[in-house]
Peer 1: 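Following this message is one structure expressed as structure tokens.
Note that the structure is a prediction, hence the values are computed from the model and not measured. Hydrogens, waters and symmetry mates play no part in the numbers below; they use all other heavy atoms, side chains included.
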Amino acid sequence: TCSMAATNHYDVLIIGAGLSGVGSAVHVATKCPKKTFLVFEARESVGGTWDLFQYPGIRSDSDMFTLGYDFKPWVEAKSIADGPSILKYIKETAADHNITDKIKLKHRVVGLAWSSDTCLWTVSVKVADQAEPVLYTTSFVITCTGYYNYDKGYKPEFPGEKEFKGRVVHPQFWPKDLDYSGKKVVIIGSGATAVTLLPSMAKTAEHVTMLQRSPTYIFALPAENPIAMFLRRWLPSKLAYLIIRWLFIVQSIVLFWTARNKPERVKRVIFKETKRRLPPGFDVQKHFSPTYNPWVQRLCLAPDGDFFEAICDGKASVVTDTIDTFTPAGIRVMSGDEIPADVIITATGLNMQVLNVDMTVDGRAVDISKQFFYKGAMFSNVPNLAIALGYTNASWTLKADLNLTYVCRLLNYMDAHGYTKAVPAREEIPGDEGLPWADLTSGYIQRGLHLVPKQGAEAPWKLYQNYARDYWQMKVRDVVDGVMEFSGKGKQAPSPPLIPSWVLVALVAVAVPVFAVLHYVA
């Protein structure tokens, strides 16, 4: 029999107050209204990624119809939104659902200790400048801390860096006093951050050069989607948002499937469009033809083609080469050329990290990287602990919302049947190393594979990266699946599906022809 602690006890504790953390709090507040909860945020403000990153042009690299919450329509004109607009959206969501006063800022979770005797987590929290951690107890923990280290970005050591007379900046920690107006800027990297920085900095810099070792797929989309604008004009806001959201979901599924199964077709389309947007004679083959297939790494997005416009205007250029050394006046590359620079931006990536806290289960230390993801929402053999994990091939929030819906179903099922503990049970077999959680070859993912939990070869341990399949698994299928083990006073019984069967049939009837048409067009 499990007992309850009386001091500093909450039914649910949420770690992180970014996009997923605020969303998690809303899900718990609306779907489990009797639950008490708090949200711990280590930083001084709400917003997570969208408060941390302050570099010029910071924006989403996914459309806001799918990066936004399923319960709060995105109403701004631009579907590819800038960072301040996304931060405003997060804060509005917290305020609209009375979540703001549930968020404890400068509260960093440093330890989690589960006891099967009490069926509680003891959560150690470092509060601001207090010397000793404050202890809380909770029945369930939801971690919404993302997948990268907020305190340290990835930056390799470059030869001769100390000889450079200008300023070197990492985008993760953008200095407020950096003035690059009228100056020569070199951006090292070719990922989403570099593709975002180049057109924004080119507006006031003398010239911006993106220095890449190898090309990246970059494609242009309108910042304001015309179909979305049309539907918004003629339909009620919530209905329009629902239709637009599903259109974008289906579009992303079709694009990813086509890229993985017919890569040459997608490469031709991207190459043709890229060539059309660049000046005559530009060496597209050298600078924009990656050696890998589309969606082996994430595609980069250029809203309204701003990246290509900066090149056409002569304000920016691309150099594909490797760095030999920094020099006092810039960077010398292996070809022998020197790129002059007053400011160098090292857009070299992130350091991956998942739930960086000390964790024990009944006194036994748990290395979360050695566990397996369960439905992408929990961890093998770790009770009453969930994660708001997103997709690598689509918007983060799509999967996070599904996970949080599932967690609320799980919590309500446990309450209805008197359970106090739920653990995804997986037999620990020596030598069972599992599979990497993601199959993308991006540098930050490959560097951090050993830090992230694994996936299995089949459900419920496999991460399918497919919204339609996950929708069924998280919103419809019974939470009692023969893998999740419950304990307490209750008796296992089937849980009702979140969506009635007739609604699912109707959705399938509509989705199949839409999917077929989009696939034909793709």
Peer 1: Look only at the side chain of Gln54 and the backbone of Asp51, and say whether a donor-acceptor pair between them is shorter than 3.5 Å.
Peer 2: yes

Peer 1: With no hydrogens and no angle check, just 3.5 Å: does a side-chain donor-acceptor pair link Thr196 and Arg59?
Peer 2: yes

Peer 1: Is there a side-chain contact between Asn466 and Phe256 in this structure, where contact means two heavy atoms from C-beta onward sitting under 4.5 Å apart?
Peer 2: no

Peer 1: Which class fits the ring pair Phe53 and Tyr55: parallel under 30°, tilted 30 to 60°, perpendicular over 60°?
Peer 2: perpendicular

Peer 1: Main chain of Ala17, side chain of Glu41: is a donor-acceptor contact present, judged purely on distance under 3.5 Å?
Peer 2: yes

Peer 1: Suppose we call two aromatic rings close when their centres sit under 6.0 Å apart. Are Tyr471 and Trp246 close by that rule?
Peer 2: yes

Peer 1: Are Trp74 and Asp63 close enough that some pair of their side-chain heavy atoms sits under 4.5 Å apart?
Peer 2: no

Peer 1: Applying salt bridge (Lys or Arg N to Asp or Glu O under 4.0 Å), can you list everything that pairs with Asp61, at least two apart in sequence or on another chain?
Peer 2: Arg298

Peer 1: Is the ring pair Phe372/Trp461 parallel, tilted or perpendicular, if the boundaries are 30 and 60 degrees?
Peer 2: perpendicular

Peer 1: Please test Lys34 against Asp415 for salt bridge (Lys or Arg N to Asp or Glu O under 4.0 Å), starting from the C-alpha separation and ending with a verdict.
Peer 2: CA-CA 10 Å; Lys34 295 182 180 180; Asp415 286 349; over 6 Å; no

Peer 1: Side chains of Thr36 and Asp11: do they bring a donor and an acceptor to under 3.5 Å?
Peer 2: yes

Peer 1: Sequence neighbours left out, what passes salt bridge (Lys or Arg N to Asp or Glu O under 4.0 Å) with Glu264? Give chain and number order.
Peer 2: Lys267

Peer 1: Can you pull out every salt bridge (Lys or Arg N to Asp or Glu O under 4.0 Å) where at least one residue sits in residues 352-368? Sequence neighbours excluded, please.
Peer 2: none

Peer 1: Mind listing the side-chain donor-acceptor pairs of residues 93-110 below 3.5 Å, one per line with the distance, residues two or more places apart or on another chain?
Peer 2:
unit_1 : atom_1 : unit_2 : atom_2 : d
Thr93  : OG1    : Tyr89  : O      : 2.8
Asp96  : OD2    : Lys72  : NZ     : 3.2
His107 : ND1    : Leu105 : O      : 2.7

Peer 1: Is the distance from the ring center of Phe37 to that of Phe140 below 6.0 Å?
Peer 2: no

Peer 1: Can you tell me if Trp396 and Ser20 form a side-chain donor-acceptor pair at under 3.5 Å?
Peer 2: yes

Peer 1: Less than 4.5 Å apart, side chain to side chain, heavy atoms only: is that true for Tyr147 and Leu350?
Peer 2: yes

Peer 1: Is the distance from the ring center of Phe379 to that of Phe373 below 6.0 Å?
Peer 2: yes

Peer 1: With salt bridge (Lys or Arg N to Asp or Glu O under 4.0 Å) as the rule and sequence neighbours excluded, what pairs involving residues 435-452 come up?
Peer 2: Arg260-Asp439

Peer 1: Counting C-beta onward and ignoring hydrogens, is there a side-chain heavy-atom pair between Tyr69 and Val26 closer than 4.5 Å?
Peer 2: no

Peer 1: Going by side chain to side chain donor-acceptor pair (under 3.5 Å), name the residues that satisfy it together with Ser79, two or more places apart in sequence or in a different chain.
Peer 2: none

Peer 1: Could you verify whether a donor N or O on one side chain and an acceptor N or O on the other, from Thr397 and Ser395, lie under 3.5 Å apart?
Peer 2: no

Peer 1: Identify, with sequence neighbours excluded, every residue that meets side chain to side chain donor-acceptor pair (under 3.5 Å) alongside Gln371.
Peer 2: Ser380

Peer 1: Would you say Lys370 has more than 12 foreign heavy atoms packed within less than 6.0 Å of its NZ?
Peer 2: no

Peer 1: Using side-chain heavy atoms (C-beta onward) and a distance below 4.5 Å, is Met474 in contact with Lys399?
Peer 2: yes

Peer 1: With sequence neighbours excluded, tell me which residues meet salt bridge (Lys or Arg N to Asp or Glu O under 4.0 Å) with Lys454.
Peer 2: none

Peer 1: In terms of ring plane angle, is the pair Phe248 and Phe65 parallel, tilted or perpendicular, where the classes change at 30° and 60°?
Peer 2: tilted

Peer 1: Which residues satisfy the side chain to side chain donor-acceptor pair (under 3.5 Å) test with Ser24, sequence neighbours excluded?
Peer 2: none

Peer 1: Quick one: which residue pairs count as a salt bridge (Lys or Arg N to Asp or Glu O under 4.0 Å) with a foot in residues 242-258, not counting sequence neighbours?
Peer 2: Arg245-Asp401

Peer 1: Once salt bridge (Lys or Arg N to Asp or Glu O under 4.0 Å) is applied, do any residues pair with Arg426, and if so which ones, sequence neighbours excluded?
Peer 2: Asp432

Peer 1: Count the heavy atoms of every other residue, nucleotide or ligand shown that sit under 6.0 Å from CD1 of Ile227, and state whether that count exceeds 12.
Peer 2: no

Peer 1: Output all residues satisfying side chain to side chain donor-acceptor pair (under 3.5 Å) with Tyr374, sequence neighbours left out; order by chain, then residue number.
Peer 2: Asp481

Peer 1: Given Tyr148 and Thr49, is the side chain to side chain donor-acceptor pair (under 3.5 Å) satisfied, shown in steps?
Peer 2: CA-CA 10 Å; Tyr148 68 91; Thr49 293; 2.7 Å; yes

